[in-house]
S.K.: 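This is the structure I want to talk about, given as structure tokens.
All heavy atoms count here, side chains included; hydrogens, waters and symmetry mates do not. Residue numbers begin at 1 in each chain, while the letters A, B, ... track the order of the sequences.
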Amino acid sequence: MSVPTHHIIPEPPAFENPPYPPDIFAGRTVLVSGGGSGMGLAMAKAFAQGGAKVAVMGRNLDRAQAGAAEIAALGASVHAISADVRDPAAISAAFDAAEAVLGPVTLLANNAGANFPVLAENISVNAWNAVTRIAIDGTFLCSTEMVRRCIARGEGGAIVNNSAQYIWTGFPGDAHSAAAKTAQATMTKAMAREWKALGIRVNAIAAGFFPHASSTNGDAPDAIAPLQNMIPAGRTGRIREFGWMSAMTCTPLIGGMTGQVIVQDGGESLRRSLMMPDFIPPRERSGGPWGWQ
Amino acid sequence: MDWLKGKTVHLAGTHPAIEAALKAAGATHSPMEEANIFVHLAPAPRHVPAHEQGHEEWRKTLDAGLDQRFLQANDFARHCRDRGQGGVVLFVGAPEQSAGVDQAAAAGALGNLTKTLGVEWARDGIRVNSILTHRNDETVGTLAAYLVSDYAAYVTGAVMGVDEND
């Protein structure tokens, strides 16, 4: 089944037409955690389209380097770094390395995350710690690292956090990420308040589903087709529009914006009916805890 | 930035920063019947404690902040459907808790109305969003212009402020 042809599906402009001038971030450096692939790479490319120098941080150096090569192809200065966002010393070293090559980091995209469908009772302590600490501790550690450096230099800055559309509803079958992504959104507001006077802005995107090569089943057209039908907007998100919205929050074009969590999900999180299909506990779903695997 | 080149907008209410930003982005004004974009702007009401507020004053806030928005958005969406075109609705007003109980009621209702209409009209290609803020500066204008542009094609049912005090 496909979306009926009489339905109207709005689309964003083409990748070659970013919403801001090519020099909006000129002379500035952004650090993107988990920037080598997926949503982080989309953020990194969006910053590059605005003229930013891009530090691509990832746990896997090969992947970070591959992403950096794609960003460099857009004409941006790049530097790939391997670091674990849960390790304060590694983050500090990564910022040192990024700044040595690209100059002071005044822009940050907290994107690093891990996620997979699993029943709460089957989440090991290790898995719980990994998913929650990459998002929560990682966002805390990377943000504070950048802000301390900005304070020392007397510079402002901007941070964007990659949160998720399920932060207001919970996400059965995804307890670790449901908790972690909501913390990122509440941290966004708290950090925005604390750092307002320092000229550092903090916003978040509560993202819906933006398929990419490394998302769960994200590169399988057969798996994505039913999602197009399920989402009110009639399609999944285009990864470029997520990247642009993220980078846009960091531009001086909307330099007064801070503490906002913008949902960008095509209405996915809002869809409901009075009568819905029978409730099946995540444990009993044939397609796995998300009903889709 | 020509985010709104070729688009027509109908505004209800006045907001110099938003009007300037829409114009700068390339939008032109048109009657509601022909507009691609409908922006409804409601002024922040004066704060009057609930027990000192007469029913007439109460109704005035609810009419401007909620009823007129719903009725006019419905008209706009009907025109879009009649033309077989998508469209964008943007409601702009003060935050929920920025004035009295009248504003709390109007803005709270508007927020969930935004989420509801965003889904009801999604497959008509009509997006519905709200900005609830105490600010009225250039950032609000530019944010509004972005939200009604195709760059925000995947944003619907979103209710946002502008800064940490919203």
S.K.: Salt bridge between B:Glu164 and A:Lys196, side-chain N to carboxylate O under 4.0 Å?
M.R.: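 Result for this pair is yes, salt bridge flagged.
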S.K.: So which part of B:Gln85 gets closer than 4.5 Å to some heavy atom of chain A, the side chain, the backbone, both or neither?
M.R.: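 B:Gln85 touches chain A through backbone heavy atoms alone.
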S.K.: Verify the neighbour count for atom CD of B:Glu56: are there more than 12 heavy atoms of other residues, nucleotides or ligands below 6.0 Å?
M.R.: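 No, the 6.0 Å shell around CD holds no more than 12 heavy atoms from other groups.
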S.K.: Taking A:Ala233's backbone N and O only, do any of them form a donor-acceptor pair with B:Arg123's side chain (distance below 3.5 Å, no angle check)?
M.R.: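 Answer holds: no.
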S.K.: Does B:Tyr154 reach the side chain of A:Ile231, with side-chain heavy atoms less than 4.5 Å apart?
M.R.: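 A side-chain contact under 4.5 Å exists here.
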S.K.: Using a cut-off of under 4.5 Å for heavy-atom pairs, which of A:Val261, A:Ile9, A:Asn17 has the most such pairs with chain B?
M.R.: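 Top option by heavy-atom pairs under 4.5 Å: A:Asn17.
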S.K.: Do you know which of A:Arg238, A:Lys189, A:Arg235, A:His6 has the most heavy-atom pairs under 4.5 Å to chain B?
M.R.: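 If we count pairs closer than 4.5 Å to chain B, A:Arg235 comes out on top.
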S.K.: Pick whichever of B:Val140, B:Val155, B:Val88 has the most heavy-atom pairs under 4.5 Å with chain A.
M.R.: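 Highest number of heavy-atom pairs under 4.5 Å: B:Val155.
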S.K.: For A:Gln260, which atoms come within 4.5 Å of any heavy atom of chain B: side chain, backbone, both, or neither?
M.R.: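 It is the side chain, since no backbone atom gets that close.
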S.K.: Let me confirm one number: the OG1-OH distance from A:Thr249 to B:Tyr146, rounded to the nearest 0.5 Å.
M.R.: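 It comes to 9.5 Å.
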S.K.: Quick check on A:Phe15: does its CZ atom have over 12 non-hydrogen neighbours (other residues, nucleotides or ligands) under 6.0 Å away?
M.R.: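 For A:Phe15, atom CZ is crowded (more than 12 foreign heavy atoms under 6.0 Å).
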S.K.: Nearest 0.5 angstrom please: B:Thr139 OG1 to A:Arg201 CZ, how far?
M.R.: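 Reported value, rounded in 0.5 Å steps: 7.5 Å.
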S.K.: Is it the case that atom CZ in A:Arg271 sees more than 12 heavy atoms from other parts of the structure closer than 6.0 Å?
M.R.: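 Counting neighbours around CZ of A:Arg271, 12 or fewer heavy atoms of other residues, nucleotides or ligands fall under 6.0 Å, so no.
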S.K.: Just so I know, are the side chains of A:Ile254 and B:Leu143 near enough to count as touching, which here means a heavy-atom distance under 4.5 Å?
M.R.: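 Sidechains of B:Leu143 and A:Ile254: in contact.
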S.K.: If you count heavy-atom pairs within less than 4.5 Å of chain B, which of A:Pro232, A:Pro19, A:Gly259, A:Gly266 leads?
M.R.: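 Going by pairs under 4.5 Å, I would pick A:Pro19.
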S.K.: Side chains of A:Pro12 and B:Tyr151: closer than 4.5 Å at any heavy-atom pair?
M.R.: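 A:Pro12 vs B:Tyr151: side chains apart.
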S.K.: Could you tell me which of B:Asp124, B:Thr142, B:Val162 has the largest number of non-hydrogen atom pairs under 4.5 Å with chain A?
M.R.: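 Among the listed options, the one with the most contacts to chain A is B:Val162.
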S.K.: Which one of A:Ala192, A:Gly208, A:Pro18, A:Pro21 has the most heavy-atom pairs closer than 4.5 Å to chain B?
M.R.: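 Greatest number of close heavy-atom pairs with chain B: A:Pro18.
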S.K.: Tell me which of these, B:Gly141, B:Gly86, B:Gly161, has more heavy-atom pairs under 4.5 Å with chain A than the rest.
M.R.: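 Option with the greatest count: B:Gly161.
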S.K.: Quick check on B:Met1 against chain A: is it the side chain, the backbone, both or neither that has a heavy atom closer than 4.5 Å?
M.R.: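 It is the side chain, since no backbone atom gets that close.
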S.K.: Is it true that, when you exclude B:Gln53 itself, more than 12 heavy atoms of the residues, nucleotides or ligands shown sit nearer than 6.0 Å to its CD?
M.R.: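 Yes, the 6.0 Å shell around CD holds more than 12 heavy atoms from other groups.
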S.K.: I need the A:Leu270 CG to B:Thr116 OG1 distance, nearest 0.5 Å.
M.R.: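 It comes to 8.0 Å.
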S.K.: With a 4.5 Å heavy-atom cut-off (strictly below), which parts of residues 239-247 of chain A touch chain B? List them by number.
M.R.: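 A:Glu241, A:Trp244, A:Met245 fall under the 4.5 Å cut-off.
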S.K.: With respect to chain B, which residue among A:Pro13, A:Ser269, A:Pro4 yields the maximal number of heavy-atom pairs within a distance under 4.5 Å?
M.R.: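 Looking at each of A:Pro13, A:Ser269, A:Pro4 in turn, A:Pro13 comes out on top.
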S.K.: Among the options B:Val119, B:Asp166, B:Ile126, B:Asp163, pick out the one with the most heavy-atom pairs lying under 4.5 Å from chain A.
M.R.: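 Max contact count across the listed options: B:Asp163.
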S.K.: Side chain, backbone, both or neither: which part of A:Asn203 has a heavy atom under 4.5 Å from chain B?
M.R.: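 Interface part for A:Asn203: neither.
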